Amino acid sequence: MAERLSGAPVAKALDKETKERADSLAEKGIQPTLAVLRVGENDADISYEKNIIKKASKNGIAVKQVILPENVENDAFFEVLDSLNQDAAVHGILMFRPLPAHLDGERARTGIAAEKDVDGCSDLSLAGVFIGKELGFAPCTAQAVIELLDFYNIDLKGKDVCLAGRSLVVGKPLSSLCTNRHATVDLCHSRTTDLPGHARRSDILITAIGRAGFFTADYVDPEKGQIVIDVGMNTDEEGKLCGDAVYDELEPLVKAITPVPGGVGSVTTAVLMRHVVEACERTTR
Ligand code: NAP
């Protein structure tokens, strides 16, 4: 039976550390603050925002909600973003994406000041991940995978990692983070020939392609004692949240596996909170 790599204890440990760091900032009279920038009334954004507000309050982080109407004009939107970039009382900015199509989403992504880019979407943040420098922050989900591996003492050094998915949010930055930890990364995507072969040869298989139930028994080698980290967040035919991997099929064949829900996704917001405190601490150095 495989070890179930749950996200809850990882998030709990991260939250404990974040709260301690926020408390010591508070003792110096500094209030770590996250600005949440939302355009429109998308249900998924609102639900994530509520979750963030709850989590932030437990971690000693203040949230400044900035809600703009769906039809906000481009210039007005960028005035708000610029003012958040310049506001010394705001340490981190989380902007819900994608923005409505009439707004310049690419300018917005690259327009968040790197030192406040706690969600890791700007070019400088991504460059920092690539070169291993603190220019901004790693994307939270990519960093959440590293936190989960660390928590369960899974050392990446010398390991063969098959990473399926090459987006800027997950796959590419995570590939750099794993390489920085001395793993050998096989970065796969939709044009990869023989993905099952790449996956079977790996020590650690990370799935981030956004396809419900894609990774079946064909993608693992029961002789290897592999670890499967499922980043996918999809809905199945019954509308239930599920990963890219078929958990019940892989679980008897591998050494350890993350569930969905309850795996990487539960760690992501905890990473976001830690990034806010870190951004705040950096202003005091
Ligand atoms: P994305 O931007 O759509 O990228 C998907 C990647 O998967 C692309 O690189 C694509 O290849 C590759 N791909 C798609 N179909 C494939 C196939 N049949 N075989 C091999 N590769 C394939 O998605 P994303 O934003 O990275 O998200 C990936 C998954 O992670 C989604 O399920 C998303 O919901 C989830 N996610 C979870 C969290 C969390 O907190 N746990 C956060 C963010 C995302 P090409 O580049 O060749 O098109």
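Atoms within each ligand, like the ligands themselves, are counted from 1 in listed order. Everything numeric here is computed off the predicted structure, so don't read it as measured data.
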Task: Non-neighbouring partners of F215 that pass ring pair (Phe, Tyr, Trp, His ring centres under 6.0 Å), sequence neighbours left out - done: Y219
- [ ] For residues 53-99, pull every pair meeting ring-ring contact (aromatic ring centres under 6.0 Å, His included), keeping only residues two or more places apart or in separate chains.
- [x] Y48-F96
Open item on the list: Give me each pair satisfying ring-ring contact (aromatic ring centres under 6.0 Å, His included) with a member in residues 222-260, each pair once, sequence neighbours excluded.
Closed with: none
TODO: Nearest 0.5 Å please: distance from the CD1 atom of I52 over to the CG atom of L94.
DONE: 4.5 Å
- [ ] Write out the protein residues near ligand 1, meaning a non-hydrogen atom under 4.0 Å from one of its atoms, in order of chain and number.
- [x] T141, G165, R166, S167, V170, H189, S190, R191, L195, A208, I209, G210, R211, F214, V231, G232, M233, N234, G265, T268
Task: Hydrophobic cluster membership, I146 vs V231, 4.5 Å side-chain cutoff - done: yes
TODO: State whether a side-chain donor-acceptor pair under 3.5 Å links D230 with T207.
DONE: yes
